[in-house]
Amino acid sequence: MNAPAPLRISVVGLGKLGASMAAVFASRGMHVLGYDLDPRPVEALRAGRAPVQEPGLADMIATHSPRIDATTDPARAVHETDITFIVVPTPSEESGRFSLVHATSALETLGAALRSKSSYHLFVLTSTVLPGACRESLIPTLERASGRVCGRDFGFCYHPEFVALGTVLRDFLRPALHLAGQFDVRSGDVLEPVLRAVAGPDVPLRRMRLEEAELAKVALNSFVTLKISFANLLGEFCQRIPGTDVDAVSAAIGFDPRVGTRFLSAGASFGGPCFPRDNVALAELGRSLGVDCGIFVANTDYNRALTARQAAWALECIPSGARIAVLGLAYKPLSNLVEEAPGIHLCHEFLRAGHAVFGHDPIASADARRVLPSGVQVCEHLDDALAQADALVVATPDPAFRALTPERLAALRSNQARPLSIVDLWRVLDPAVSDVPGVAYAAFGRNPA
Ligand SMILES: NC(=O)c1ccc[n+]([C@@H]2O[C@H](COP(=O)([O-])OP(=O)(O)OC[C@H]3O[C@@H](n4cnc5c(N)ncnc54)[C@H](O)[C@@H]3O)[C@@H](O)[C@H]2O)c1
């Protein structure tokens, strides 16, 4: 018997998510055609290079490049494949809702190509949208552009990914769950084997109505942000209760399976391209539906205000006139993204308070330079920041900062007369650094009594 023909998949939008999706599909034996308006990621993929920075992506693309092609011709994405994943941006509008401008434009182009295809095609939207977007807006767009009927001539699914930048490939290959919103059973039946081929048969797969999956995606992210803020709030409690360490408290309550330990570490505010905006979008959805979403609004407000409070606390720990180095400028470790990053906000606050400010990030220095005012000197190497600073503020739990051991600090400080203040928002450093002569160490969420 002949082996079944490999699945032919197209991925529309070769950005942070789409480029990794294309690579993962190819790594599972599928033939992948990437399509993007922008020729740069297309050229990169065609040359076997990663269009975006993501750990492991360059190797995966290089290894599987014989099964990856890319184009700027949208018609090829429809005519040469059976399933198209759409992973274009859905930026936040002023109201907080997600804009469908890019998804609509992509589907108009793909729909026009569908006019001249006679066989069934499945469209899978991966971009984050709010409930109603697929059925009320995107599917009608496809039907108008193609002259075809959803459910009869083509299928439609909403399949959001739960991935974190920095671990995108691992998250694709070993997800906690697959969420599949389906227009009809046939659409879900076509999608399911693709998801199984990527992550195996054991990953829970929840098939549901489009609107349920649309809500589940933003709800999950929003729930996680509530948990983060709860942990940060505990940190603020412990700051004020003598003799307490927030890690003891959160580890204890995290033991309870109703709570769990993940995302329960007190630290800086949540940032990045997804968490803050998903929270705002859910609140806006609630407002439009007449649901009281004060809890999400309060969470957004708390998260924004926390950075200002932490900056004020850091300034209490740091002598006036000190030169401050902010360590960690990305919104989290292992990422180069600086969108809504606490480290960036802290740089602004310290500048406003009249300090000379330096910054360093193991990965995001170049991106930070783009968004920071020229008054902030971004150092490529940790040692350069250390050499110039009288105070360090650790703004992400990047493992690279653990290299600041008591021994290393003692060696660095051996011929320095001036004192060094360290403010550690994530308790990354060994508390024994406070024993190093000339070093004053303060950790968020720890009150040493
Ligand atoms: N980045 C993440 O961690 C993450 C996680 C979960 C969900 N998402 C969602 O995935 C979607 C994509 O996010 P991203 O971070 O990969 O975006 P991105 O900006 O990195 O990449 C988007 C790509 O789409 C291309 N594009 C835009 N309009 C197009 C069109 N009409 N036709 C073809 N290509 C087009 C752009 O040129 C770009 O290369 C968003 O909805 C986002 O919310 C992202």
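Note that the structure is predicted; figures quoted are calculated from it, not measured. Position 1 is the first residue of the sequence, and the numbers go up from there. Each ligand, and each atom within it, is numbered from 1 in the order the structure gives.
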For this session: Decide whether an N or O pair under 3.5 Å exists between Asp38 and ligand 1.
Result: no

Exercise. If you measure from each non-hydrogen atom of Thr109 to ligand 1, which part falls under 4.0 Å: side chain, backbone, both or neither?
Worked result: neither

For this session: Considering heavy atoms of the protein only, find what lies nearest to atom 15 (O) of ligand 1 and give residue, atom and distance to 0.1 Å.
Result: Lys16 CE, 3.2 Å

Exercise. Does the protein place any heavy atom closer than 4.0 Å to atom 10 (O) of ligand 1?
Worked result: yes

Problem set entry | atom 32 (N) of ligand 1: nearest protein contact (heavy atom, Å) | Leu37 CG, 3.6 Å

For this session: Could you tell me whether Phe123 and His121 have their ring centroids closer than 6.0 angstrom?
Result: yes

For this session: Pull out every atom of ligand 1 sitting under 4.0 Å from any heavy atom of Ser105, numbered as shown with elements.
Result: 31 (N)

Problem set entry | Arg277 N/O to ligand 1 N/O under 3.5 Å | yes

Problem set entry | Nearest protein heavy atom with distance in Å, relative to atom 1 (N) of ligand 1 | Leu165 CD2, 3.7 Å

Exercise. Below 4.0 angstrom, N of the basic side chain to O of the carboxylate: do Glu236 and Arg309 qualify?
Worked result: yes

Problem set entry | Any donor-acceptor pair under 3.5 Å from Arg186 side chain to Gly151 backbone | no

Problem set entry | Electrostatic pair Glu349:Arg352 at N-O distance under 4.0 angstrom | yes

Problem set entry | Heteroatom proximity flag, Cys274 to ligand 1, N/O under 3.5 Å | no

Problem set entry | Closest approach of any protein heavy atom to atom 27 (C) of ligand 1, naming residue and atom | Pro89 CD, 3.5 Å

Donor-acceptor pairs under 3.5 Å, side chain of residues 36-46 to any protein atom, not counting sequence neighbours: which ones?
unit_1	atom_1	unit_2	atom_2	d
Asp36	OD1	Asp38	N	2.8
Asp36	OD2	Leu14	N	2.7
Asp38	OD1	Arg40	N	2.9
Asp38	OD1	Arg40	NE	3.2
Asp38	OD2	Arg40	NE	3.3
Asp38	OD2	Arg40	NH2	2.8
Arg46	NH1	Asp69	OD1	3.2
Arg46	NH1	Ala70	O	2.9

Exercise. In the protein, which heavy atom is nearest to atom 44 (C) of ligand 1, and how far is it?
Worked result: Leu17 CD2, 3.6 Å

Problem set entry | Evaluation steps, side-chain contact (heavy atoms from CB on, under 4.5 Å), between Val78 and Ser10 | CA-CA 8 Å; Val78 173; Ser10 43; over 6 Å; no

Exercise. Is there a donor-acceptor contact under 3.5 Å linking the side chains of Ser116 and His79?
Worked result: yes

Exercise. What residue and atom, counting heavy atoms only, is the protein's closest point to atom 21 (O) of ligand 1, and at what distance?
Worked result: Gly15 CA, 3.1 Å

Exercise. Would you say ligand 1 has an N or O under 3.5 Å from any N or O of Thr90?
Worked result: yes

Seminar exercise, completed: Of all protein heavy atoms, the one nearest atom 24 (O) of ligand 1 is Gly13 CA, 3.4 Å

Seminar exercise, completed: Here the atoms of ligand 1 under 4.0 Å from any heavy atom belonging to Val12 are 33 (C)

Exercise. Which ligand 1 atoms does His102 reach within 4.0 Å, using its non-hydrogen atoms?
Worked result: 28 (N), 31 (N)

Problem set entry | For Glu161, the ligand 1 atoms whose distance to one of its heavy atoms is below 4.0 Å | 6 (C)

Problem set entry | Nearest heavy-atom neighbours spanning Leu195 and His178 | O-NE2, 3.5 Å

Exercise. What residues, two or more places apart in sequence or in another chain, satisfy side-chain contact (heavy atoms from CB on, under 4.5 Å) together with Thr261?
Worked result: none

Problem set entry | Electrostatic pair Arg76-Glu80, nearest N-O below 4.0 angstrom | yes

Exercise. Could an N or O of ligand 1 be found under 3.5 Å from any N or O of Lys217, whether backbone or side chain?
Worked result: no

For this session: Salt-bridge test for Glu380 and Arg369: reply yes if a basic N is under 4.0 Å from a carboxylate O, no otherwise.
Result: yes

Problem set entry | Option set Thr128, Thr72, Thr104, criterion heavy-atom distance to atom 7 (C) of ligand 1, minimum | Thr128

For this session: Distance to 0.1 Å, residue and atom name: give those for the protein heavy atom nearest to atom 38 (C) of ligand 1.
Result: Asp36 OD2, 3.5 Å

For this session: Out of Asp278, Val88, Val87, indicate the one that has the non-hydrogen atom closest to atom 40 (C) of ligand 1.
Result: Val88

Exercise. Can you check whether Phe25 and Phe85 have ring centres sitting under 6.0 Å from each other?
Worked result: yes

For this session: In plain terms, say whether Asp184 and Arg209 are close enough for a salt bridge, that is, a side-chain N and a carboxylate O under 4.0 Å apart.
Result: no

